[in-house]
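Here the structure comes first, spelled out in C-alpha cells, and everything after it is commentary.
Protein chains get the first letters and strands the later ones, always in sequence-line order, with residue 1 at the start of each.
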Protein chains: 2
Amino acid sequence: MRREVTLRDVAELAGVSSRTVSNVVNGYANVTERTRERVQRAVDELGYRPNVLARNLAQGRSGQIAVVVPYLDTPYFSELLQSVIRAARARGYNVLIDQTDGDPEHERAFIAHGSRRLLFDGVIFSPLGLDQQALADRDPALPLVVLGERTSDGGFDHVGIDDVTASRQATDHLLDLGRQRIAAIGDQPYATGEAAQRRTRGFRLAHQARGLVPREDLIISTPRFNRPDGAQAMAHLLDLAEPPDAVFCYSDLVALGAIRTIVSRGLRVPEDVAVIGYDDIEDGAYSNPTVTTISPDKEMIATTAVDRLLLRIASDTPPPGLEMRAPHKLIIRESTAGRTTATA
Amino acid sequence: MRREVTLRDVAELAGVSSRTVSNVVNGYANVTERTRERVQRAVDELGYRPNVLARNLAQGRSGQIAVVVPYLDTPYFSELLQSVIRAARARGYNVLIDQTDGDPEHERAFIAHGSRRLLFDGVIFSPLGLDQQALADRDPALPLVVLGERTSDGGFDHVGIDDVTASRQATDHLLDLGRQRIAAIGDQPYATGEAAQRRTRGFRLAHQARGLVPREDLIISTPRFNRPDGAQAMAHLLDLAEPPDAVFCYSDLVALGAIRTIVSRGLRVPEDVAVIGYDDIEDGAYSNPTVTTISPDKEMIATTAVDRLLLRIASDTPPPGLEMRAPHKLIIRESTAGRTTATA
DNA sequence: GTGAAAGCGCTAACAT
DNA sequence: ATGTTAGCGCTTTCAC
C-alpha cells in the first residue's frame with residue numbers, strides 16, 4: 001500500500017504546525033480565518049484523509065459501538081438493527097454488528113473484557129436470555145445497554161417494552177373474541193427465560209382478571225422463538241383431546257409457524273383457531289392470513305438505547321442503571337379478526 | 001477509564017524486553033520455552049490484554065472487513081450476512097456491517113476512498129445496482145468483492161449465481177406445468193437493473209426455446225424486490241383483461257406479496273395462479289402456501305467471497321478480477337405444485 | 001492563535 | 001533467542 005498523506009505533510013505545505021492542521025480538520029475554534037483557509041487548501045491539494053486508526057489510538061476510543069444480537073436473520077432483530085444503525089450513524093458512530101448464535105459462551109465473551117474490548121466504546125446487547133454467569137464476568141468498565149431482558153444489576157441500562165402488560169392485552173383480545181381455550185406458545189421456564197416468563201405472567205393475569213384459570217396443558221414451552229418451534233408446538237396442541245381455539249404466540253415467527261400447521265391440517269384461521277403474535281415484523285403484514293400482533297416501538301427502543309449508551313460512554317462517573325420502557329400497541333389483523341374486504 | 005496494562009508492564013515484570021513479550025503474545029517462533037512460560041505468567045498475573053487499536057496502527061491494518069448491503073432487514077441479505085460473518089470470523093476477521101438504504105450516494109461513499117477507509121481492510125459489496133459513477137470513483141487500492149451484480153471492470157471480483165440459467169429453469173418449471181400466460185415481476189429496464197435484466201433474459205429464453213413469445217404486458221417492472229412491490233404488481237396483473245395463470249417473481253418477497261394479493265382476491269395458488277420466487281428465504285418455506293423458489297447456495301457465496309477478499313487483501317500485487325459462479329437449485333413447493341399431504 | 005514535543009501501545013527492522 | 005529503538009499518524013499539554 002502506498003504511503004498515505006499525513007497531517008505533517010499538510011502542515012509542511014501550508015507552512016503551519018501539525019497542531020494547527022489538527023485544529024482545522026477537527027473544526028476546533030482557535031484558528032484564524034486566514035490560516036484555516038490556507039490549511040484547507042493544502043488538505044484539498046494533497047487529498048489528505050485523517051487516519052482513523054491513529055486517531056483512535058491517540059484518543060483511546062474507537063468511535064464504534066457494538067450491537068450484539070442472537071440471530072441476524074430473525075426479522076425482529078434485523079428490523080431493530082436498522083433503526084439502531086441509523087440512530088448511531090446520525091450521532092457519528094459506526095456500528096459493529098455481531099451475532100452470538102444464541103451461544104451463552106459467545107454472549108459472555110462479548111461483554112467480558114476481552115481482547116476485542118477496545119474495538120468498541122460500548123455495547124448494545126440483546127441477549128437470548130440473561131445468563132447470570134455472563135453478567136458476573138462482565139467488564140464493569142464497559143458501557144452497556146441491554147435490550148429485552150430485565151435485570152436488577154445496577155451497572156447498566158435496560159430498554160424494553162412492558163411485556164406483562166402487552167401480553168395481557170394480547171390475551172384480553174382473544175378473550176374478548178369469546179375464545180374459550182386459549183393456548184400460549186413460547187414459555188421458557190428456566191433461568192434465562194425471564195422475558196418469556198413475563199409474557200406467561202401477562203397471559204395468566206388476563207385470565208385471572210376474569211375469574212378464569214388457563215389450562216396448564218395449553219402452555220407450551222419452546223427453546224427458541226422461530227417458525228419451526230411454532231409449527232411443532234401447534235402440531236402438539238392440535239393433537240390434544242381438546243385443542244385450543246386461540247393461541248397467543250410469543251413471537252410473530254412462532255405465530256407464522258403455528259398458522260402454517262393449522263392451515264396444513266385443513267383448519268381455518270381465525271375461524272377454528274385465532275392466532276396472535278408478538279414483535280410486528282413485516283412478514284406478519286403480508287402473510288395469509290395477516291397476523292395480529294403486539295407492536296413494540298422499535299424506533300424508540302433503538303434511539304433510546306443509542307442515546308443512553310453514548311451518554312454512558314461520555315460520562316466519567318457512570319450513571320446508575322436505568323429501566324426504560326418503550327411504548328407498544330396492539331395491531332389487529334386477519335389472524336384474529338378474519339378477512340375483511342378484498343385488498344388491492 | 002483506568003490505565004490499561006501495557007506490553008511494557010508485562011516485560012518489566014517478566015524481566016524481558018517488550019519485543020519478547022510481543023513475540024509470545026503473537027505466538028511467534030523464536031522464544032525459549034522457559035521465557036515463554038515466564039512471560040505467560042506475567043501476562044496472566046497482570047491480566048494483560050493487547051490493545052487492538054495500537055496493533056492496528058502499527059500494522060496498518062484493522063482486521064475488519066466491511067459488508068455493505070442495501071437493506072439489513074431483507075431476509076436474503078440477513079441470511080447471507082450470517083454466513084459471511086461466520087466465514088470471516090473463522091478466519092480471524094471482524095465484520096463491519098453497513099446498509100446503504102439503497103442510496104447510490106451512500107454506496108459510492110463506501111467504496112470511494114473516504115475517511116473511514118482504514119476502518120476495514122476490504123469490502124464485500126452487495127449493491128442494489130451497480131452505479132457506474134460509483135465504480136469510477138472507487139478507491140482502486142481497496143480490496144473489493146462484489147456480490148450479485150456482474151461487471152466488466154477488472155479491478156475486483158464478483159460472486160453470484162447464473163441468473164440467466166436459473167431464471168430460465170424457473171420459467172421452464174411453470175411452462176412444464178402447462179401454464180399458458182406467464183407473467184414476470186421484477187424487471188428493471190434501466191442502467192442499474194442489470195441483475196433484474198438477466199432474469200428477464202432467462203424468462204424470454206425459456207419461452208423462445210419452445211417457440212413461444214412472452215406477452216410484453218405481462219412483464220412488470222418494480223423499483224425494489226419487496227412485498228409491497230409484489231402485491232401491487234400482482235394487483236395490476238389481475239386487473240388485466242387476460243390475467244396470467246402463473247408468475248415468475250424476481251424475489252421471494254415479491255412472490256409473497258403477489259400471493260397475498262391473489263389470495264385476498266379470493267383466487268387460489270397454484271390452481272388459479274402458480275407462483276415461483278427467487279432467493280429461498282426461510283419465510284417461503286413456512287408461508288401459506290409455501291413458495292417454490294430458486295435457491296442460491298448462500299453458504300458457498302459467502303465463503304467464496306470472504307476467501308477471495310482475504311486473498312486480495314494479502315496480495316501485494318492485486319490479482320485480476322474474477323467471475324465466480326455459485327451453484328443454485330430449483331426447490332419445488334406448494335405455490336406451484338399444490339398442497340400435497342398434511343404436514344406435521 | 002500557533003508551535004514544539006511527548007505520548008497513545010504496539011510492531012518490526014536492526015543489532016547482538 | 002532476545003534486546004534496542006524507531007516509527008505508525010494522530011491528539012493534546014504546555015509554552016509562547
Side-chain angles (χ1 to χ4, degrees), chain A residues 1-40 42-43 46-64 92 113-119 121, chain B residues 1-40 42-43 46-64 92 113-119 121:
Chain A
M1 209 180 296
R2 75 184 180 301
R3 195 173 157 295
E4 294 287 330
V5 180
T6 82
L7 205 58
R8 232 189 299 279
D9 298 332
V10 177
E12 200 168 322
L13 178 60
V16 299
S17 82
S18 61
R19 165 67 204 256
T20 304
V21 178
S22 176
N23 279 343
V24 171
V25 170
N26 294 295
Y28 288 156
N30 290 342
V31 190
T32 337
E33 189 48 46
R34 252 189 64 202
T35 22
R36 146 163 284 114
E37 208 165 278
R38 196 147 38 108
V39 170
Q40 190 56 53
V43 165
L46 268 52
Y48 167 73
R49 305 277 163 191
N51 182 322
V52 210
L53 264 34
R55 174 179 295 169
N56 287 350
L57 176 59
Q59 292 188 148
R61 35 152 285 172
S62 66
Q64 297 191 116
H113 77 223
S115 57
R116 303 179 50 204
R117 169 68 179 78
L118 290 174
L119 276 182
D121 300 334
Chain B
M1 211 177 295
R2 76 189 179 297
R3 194 173 157 297
E4 295 287 330
V5 180
T6 81
L7 204 60
R8 234 188 297 279
D9 297 333
V10 177
E12 200 168 323
L13 178 60
V16 298
S17 82
S18 61
R19 167 65 205 257
T20 303
V21 178
S22 177
N23 278 344
V24 172
V25 170
N26 294 294
Y28 289 157
N30 291 341
V31 191
T32 335
E33 189 49 45
R34 254 189 63 203
T35 20
R36 146 163 284 112
E37 208 165 278
R38 194 146 40 106
V39 169
Q40 190 56 52
V43 165
L46 269 52
Y48 167 74
R49 305 276 163 192
N51 182 324
V52 210
L53 264 33
R55 175 180 296 170
N56 287 349
L57 177 60
Q59 293 190 147
R61 36 152 284 171
S62 66
Q64 296 191 116
H113 76 223
S115 57
R116 304 179 49 204
R117 170 67 180 77
L118 290 175
L119 277 182
D121 300 333

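Taking a 6.0 Å sphere around CD of A:Glu12, one finds it holds 12 or fewer heavy atoms contributed by other residues, nucleotides or ligands.
At whole-Å resolution of the value, CZ in B:Arg55 and C1' in D:dG7 are 17 Å apart. In this entry the distance linking CD of B:Glu12 with P of D:dT2 reads 19 Å, nearest Å. To the nearest angstrom, P of D:dT11 lies 12 Å from CZ of A:Arg8. The distance from atom CG of B:Asn23 to atom C1' of D:dT2 is 8 Å, rounded to the nearest whole Å. Regarding A:Leu53, its CG atom lies at a distance of 12 Å from the C1' atom of C:dC10, rounded to whole Å. Rounded to whole angstrom, the span from the CG atom of A:Leu46 across to the C1' atom of D:dG9 amounts to 15 Å. Look at OH on A:Tyr48: it is 7 Å from C1' on D:dG9, rounded to the nearest Å. What separates CG of B:Leu57 from P of C:dA12 is a distance of 12 Å, to the nearest Å.
Here B:Arg19 lies in heavy-atom contact (under 4.0 Å) with a base. Across all strands shown, B:Asn56 has no heavy atoms under 4.0 Å from either base or sugar-phosphate atoms.
At a cut-off of 3.5 angstrom, counting only N and O atoms as typed in the model, there is no donor on one side facing an acceptor on the other between the side-chain of B:Arg61 and the base of C:dT11.
Among the nucleotides C:dG3, D:dT11, D:dT2, the one closest to the side chain of A:Val16 is C:dG3. When distances are taken from the side chain of B:Asn51 to each of D:dC10, D:dT2, C:dC10, the shortest belongs to C:dC10.
Checking side-chain atoms of A:Asp9 against main-chain N and O of A:Thr6 turns up a donor-acceptor pair under 3.5 Å.
Taking side-chain N and O atoms only, B:Thr35 has a distance below 4.0 Å to OP1 or OP2 of D:dT2. Regarding contacts with the backbone of D:dA1, every side-chain N or O of B:Thr32 stays at 4.0 angstrom or more from both OP1 and OP2. Between B:Ser22 and the phosphate of C:dA12, there is no side-chain N or O to OP1/OP2 separation shorter than 4.0 Å. Listed pair A:Ser17 / C:dG3 meets the phosphate criterion, a side-chain N or O lying under 4.0 Å from OP1 or OP2. The side chain of A:Asn26 places an N or O atom within less than 4.0 Å of a non-bridging phosphate oxygen (OP1 or OP2) of D:dT11.
Atom CD of A:Gln64 is separated from atom CG of A:Asp121 by 8.0 Å, given to the nearest 0.5 angstrom.
Both B:Ala58 and B:Ser18 sit near DNA chain D, but only B:Ser18 has its closest nucleotide nearer the 5' end. Nearer the 5' end of DNA chain D, as judged by each residue's closest nucleotide, is the contact made by B:Gly15, out of B:Gly15 and B:Gln59.
With a 4.5 Å cut-off on side-chain heavy atoms, B:Val25 and B:Arg55 count as touching. Looking only at side-chain heavy atoms (C-beta outward), B:Val21 and B:Val24 stay at 4.5 Å or farther from each other.
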